[in-house]
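Right, one structure below, let's go through it.
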Amino acid sequence: QVQLVESGGGLVQAGGSLRLSCAASGRTLGSYHMGWFRQAPGKEREFVIAISGGGGSRYYSDSVKGRFTISRDNAKNTVYLQMNSLRPEDTALYYCAAESMGGSWYARNRQVSDYTYWGQGTQVTVSS
């Protein structure tokens, strides 16, 4: 079983950048597909971005395409979310999630139910 811990959140002005990290322990991160989700107050948790276990495939929500990128360093057991051109509507609690390789992840990777393991989240606040 893998444990996930997010870091790097904070307060930033609109137009600024942040890089979130998701550190894994317990299992080798290379055995998992990874995703980032976010949840704003009063809203459901929504998909942001995902990367396959080997890093060869990436998936983006329309709201972050062109602004956010995802990368992974399996040797460091860490996944990164680089967020540029931040907007107030990006304000949310950001979660990383992991799903074991295999199964139907390439066909289904944008729902909360597509991931088994979750971190506790890190807060991102974008001021206008």
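Counting from 1, the numbers follow the sequence of the chain as shown.
- Criterion: ILVMFWY side-chain heavy atoms under 4.5 Å apart, direct or through other members. Under it, Trp105 and Ile70 are not part of a common hydrophobic cluster.
- For Trp118 and Phe37, the distance between ring centers is under 6.0 angstrom.
- Applying the salt bridge (Lys or Arg N to Asp or Glu O under 4.0 Å) rule to pairs touching residues 7-26 yields nothing, sequence neighbours excluded.
- Side-chain contact check for Thr125 versus Val12: every heavy-atom pair is 4.5 Å or farther apart.
- Using a 4.5 Å heavy-atom cutoff, the side chains of Thr91 and Gln123 are in contact.
- Inter-residue side-chain proximity for Glu46 and Arg38 is flagged as met; some heavy-atom pair is nearer than 4.5 Å.
- Under the 4.5 Å side-chain contact rule for hydrophobic residues, Tyr106 and Val112 share a cluster.
- Taken together through direct or relayed side-chain contacts under 4.5 Å among Ile, Leu, Val, Met, Phe, Trp and Tyr, Val79 and Tyr117 form part of one hydrophobic cluster.
- With contacts defined as side-chain heavy-atom distances shorter than 4.5 Å, the pair Val124/Asp90 does not qualify.
- Atom OG of Ser104 and atom CG of Asp114 lie 7.0 Å apart (nearest 0.5 Å).
- Both Tyr59 and Tyr95 are part of a single hydrophobic cluster, where members link through side-chain heavy atoms under 4.5 Å apart.
- Under the 3.5 Å distance criterion, the side-chain polar atoms of Ser85 are left unmatched by any main-chain donor or acceptor of Arg67.
- For Glu99 and Thr116, the side-chain atoms include at least one donor-acceptor pair closer than 3.5 Å.
- Between Met34 and Leu4, the closest side-chain pair of non-hydrogen atoms falls below 4.5 Å.
- No donor-acceptor distance shorter than 3.5 angstrom exists from the side chain of Thr122 to the backbone of Ser7, with no hydrogens or angles considered.
- A donor-acceptor contact shorter than 3.5 Å links the side chain of Glu6 to the backbone of Gln120.
- Leu86 and Phe47 are assigned to two separate hydrophobic clusters, defined by single-linkage of ILVMFWY side chains at heavy-atom distances under 4.5 Å.
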Check against side chain to side chain contact (heavy atoms under 4.5 Å, CB included), Ile49 and Arg58: CA-CA 7 Å; Ile49 200 167; Arg58 291 170 171 82; 5.8 Å; no

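- A tilted orientation is assigned to the rings of Phe68 and Tyr94, their planes being inclined by 30° to 60°.
- Aromatic pair Tyr115/His33: centroids not less than 6.0 angstrom apart.
- Taking both residues in full, the closest heavy atoms of Ser128 and Ala14 are given as CA-CB, 4.3 Å, listed atom of the first, atom of the second, then distance.
- The neighbour count for Arg108 CZ, taken as heavy atoms of other residues, nucleotides or ligands under 6.0 Å away, does not exceed 12.
- The OG atom of Ser71 sits 6.5 Å away from the CD1 atom of Ile51 when rounded to the nearest 0.5 Å.
- To the nearest 0.5 Å, atom NZ of residue Lys65 and atom OG of residue Ser63 are 9.5 Å apart.
- Residue Cys96 holds its SG atom at 10.0 Å from CG of Leu81, rounded to the nearest 0.5 Å.
- Within the structure, side chain to side chain donor-acceptor pair (under 3.5 Å) pairs that include any residue of residues 74-84 comprise Ser17-Asn84, Arg72-Asn74, Gln82-Asn84 (at least two apart or interchain).
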